[in-house]
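A short write-up of the structure that comes next.
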There are 2 protein chains.
Amino acid sequence: MVTLAEVAQHAGVSASTVSYVLSGKRSISSTTRTRVEESIRELGYHPNAGARALASSRSNIIALMVPLRTDMYVPVMMEIAIAVATAARAHGYDVLLLTGEEGPDAVRRVAGSGLADAMILMDVELDDERLPLLRGTDQPSVLIGLPADTAGLTCVDLDFRATGALCVEHLALLGHRDIAVIGEAAAVYERHTGFAERTLDGLRSRASELGVRLLHRPCEGGYDAMAATLARVLDERPGTTGFVVQNESAVEPLLALLRQQGRAVPEDVSVVAVCPEQVAVQASVRLTSVAIPAQEMGRSAVEQLVAKLDGRGSDDVVLIAPELTVRASTGPAPAATPA
Amino acid sequence: MVTLAEVAQHAGVSASTVSYVLSGKRSISSTTRTRVEESIRELGYHPNAGARALASSRSNIIALMVPLRTDMYVPVMMEIAIAVATAARAHGYDVLLLTGEEGPDAVRRVAGSGLADAMILMDVELDDERLPLLRGTDQPSVLIGLPADTAGLTCVDLDFRATGALCVEHLALLGHRDIAVIGEAAAVYERHTGFAERTLDGLRSRASELGVRLLHRPCEGGYDAMAATLARVLDERPGTTGFVVQNESAVEPLLALLRQQGRAVPEDVSVVAVCPEQVAVQASVRLTSVAIPAQEMGRSAVEQLVAKLDGRGSDDVVLIAPELTVRASTGPAPAATPA
DNA sequence: AATCGGAGTCGAAGCGCTTCGACAGCCTAT
DNA sequence: ATAGGCTGTCGAAGCGCTTCGACTCCGATT
């Protein structure tokens, strides 16, 4: 393993000079610089991460805590994770992958050991037990998701409230008066995951403003669960003509079931999804949807974090504005059936 | 930030004693040990990762290189990644997430900087450009996936050859004579990703042994692509009664299309999938399938790696035996239609 | 002509930990 | 009784890097 000292010797300069060439923290004559750079290349030198971290108390690592639950909105998680890793590299950081398994201890461990300079938390619950720790440490952090109390925290998320409102609005403008919301699995609501509750909030308040009737039902993924949920919904509100779906793995089952029951989309029934772009495009009916901008969320979280690490941070809540793309799954409400 | 020295002082012992309590590398009297442990708890001490890495030249970090392409078999990737992270923690390692983006340079960087003690590579191509580097370094590594030449490498993968064979076999035993294989997107084959080609190998050789006719067609995910592919298949081989699908995002579209064309599953047509358990169970027809054991692959890779790091490693290829679970999507071939 | 300041370089002092050799007790085998 | 071997502890020497102060030139300022 090549060391700084060897590079220095090879280039005929002192170790500190090499260090300054690397960091650019002091001016170096261009002749020396090129000589050193050549030596580095020639010897295939890579600075030792541990030594660097020790001396500078900067690890150049960002910790990313992803939820352990792999059963939910997985592709989104993955996309965010990859976006985070990519964006972090672009700023010279590596990413340490922590699972939610360790829980709050992970925060202590990472902050205490100097393993990472900062952390990004995903899957934040409304009243997350990691938050007090985060507030108590001076380690910069960014949340992807919105807890109930954001004081002193930096958060990045899609504006799910606005998302909910947007969906209702779209359907209402098309004349739908009875809308059913197919939500995430009940467990998600029980855990008080912010995004689910906030979407619901947005849906409900806009619905009442517009005088639209709303029925919300959580739903596990999969065909059978969706079938049961749909049956209950149609039983309770036979006049339902609009659906808002916020559960990737319920989308295709819903479409299949509607088709099977002879309800045409979008002629008889309209469907709006809150899901990744890809799901909306690949579905059997191209779905009108609000995309979950996973990439942007990941990138933006890193940007916020890097800003903080560079001392130009702020405790902001960045809410990404939702965009509704109209595709083939929504249309005017059918003429009201006689009462 | 609490240091070893402070703990030592608090406990009234020398720094080295604290270190030995932590590492267990020398015997310590139980009285001293408990005293030190108490001080550690009381002060909330966490060893500094950088210092530890520098002094011991061990970072206790495993690097995980995941493919950048987020468009393919994503949930499997994620599940593997999480399994790796979890298993690694159980052995005292953290996981550094690298995207494929950097390519071979990432290998150099990680190996050169001592950032990680070892690495796990996913999405290995048959003739992967990272392999020479891996062979050239003394950094332990494990591949998830199988390259063409495994000499000097440790690999973990599902036995996709056997998987292919198993699928054909199952259909052949049920009397199917004309089988169509719906594969991954063409790009996957063009990249010479091992698993896709090896599945095909297994399918073909077993098919010819059993005298079954096989038609293989790559297919992008999604409804439209599947529709086009299915049309071509049925045009070319109208007598097709068995399908093997190795493409998660083609599964549901295929089922929907068959239904739509009045071909009942499993009465008229049988479908076997190679996909994660969850997909098979949640599909609109519960699918007979060979599961992709993501968890086990991740866990096993870590196990191999840790063994290597502890000096009891071997350059093995661990092929996980496929298991075919019969569900509701396969049945006896219908009576042959008159010629 | 004397002074000042910036540019460029060096040496040395750590950063917090591991680990090696040394040593003081104590027990056991001769 | 004495040598030998354990056990438990300590001190000191790094690990490879960053960074601070100091020093040397050299051109620009008065």
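Within every chain, numbering begins at 1; the chains are lettered A, B, ... in the order of the sequence lines, protein sequences first and strands thereafter.
Between B/E125 and B/P147 the shortest side-chain heavy-atom distance does not fall below 4.5 Å. The shortest side-chain heavy-atom distance between B/Y93 and B/V306 falls under the 4.5 Å cut-off. Under the 4.5 Å side-chain criterion, counting only non-hydrogen atoms from C-beta, B/I292 is not in contact with B/F195. Side-chain contact check for B/V2 versus B/V7: some heavy-atom pair is nearer than 4.5 Å.
At whole-Å resolution of the value, OH in B/Y20 and P in C/dT19 are 7 Å apart. In this structure, the CZ atom of B/R26 is 10 Å from the P atom of C/dT19, given to the nearest Å.
B/S29 has a side-chain polar atom (N or O) that falls below the 4.0 Å cut-off from OP1 or OP2 of D/dT9. At least one side-chain nitrogen or oxygen of B/T17 sits closer than 4.0 Å to the OP1 or OP2 atom of D/dC10. Between B/K25 and C/dT19, a side-chain N or O to OP1/OP2 separation shorter than 4.0 Å is present.
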Exercise for the section: Apply salt bridge (Lys or Arg N to Asp or Glu O under 4.0 Å) to the pair A/D94 and B/R109, showing each step before the final yes or no. Expected result: CA-CA 11 Å; A/D94 274 297; B/R109 193 167 62 86; 2.8 Å; yes
Handout entry: Stepwise salt bridge (Lys or Arg N to Asp or Glu O under 4.0 Å) check, B/E102 with A/R89
Key = CA-CA 9 Å; B/E102 274 182 284; A/R89 276 308 305 149; 3.5 Å; yes
Practice task
Verify side-chain contact (heavy atoms from CB on, under 4.5 Å) between A/I62 and A/M119, making sure each step is shown before the conclusion.
Solution key: CA-CA 5 Å; A/I62 292 174; A/M119 49 193 313; 5.7 Å; no
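Shown here is B/D315, whose CG atom has more than 12 heavy atoms of other residues, nucleotides or ligands within 6.0 Å. Around the CD atom of B/Q9, the shell of radius 6.0 Å holds no more than 12 heavy atoms that belong to other residues, nucleotides or ligands.
Within residues 30-43 of chain A, the residues having any heavy atom closer than 4.0 Å to DNA chain C are, in order of number, A/T32.
Note on the helix from C/dA1-D/dT30 to C/dT30-D/dA1: angle between the axes of the first and last five pairs equals 40°, rounded to 10 degrees.
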Would you tabulate the nitrogen or oxygen pairs shorter than 3.5 Å linking the protein to nucleotides 13-17 of chain D?
unit_1 : atom_1 : unit_2 : atom_2 : d
D/dC15 : O2     : B/A55  : N      : 3.4
D/dC17 : OP1    : A/Y45  : OH     : 2.4
D/dC17 : OP1    : A/N48  : N      : 3.3
D/dC17 : OP2    : A/L4   : N      : 2.2

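Residues B/D117 and B/S59 come closest through the heavy atom pair OD1-N, 2.8 Å.
A donor-acceptor contact under 3.5 Å is not formed by the side chain of A/S14 with the base of C/dG11. In this model, no side-chain donor or acceptor of A/S27 finds a partner on the base of C/dG8 within 3.5 Å.
Under the side-chain contact (heavy atoms from CB on, under 4.5 Å) rule, A/V142 has a single partner from A/D316, A/V302, A/T154, which is A/T154.
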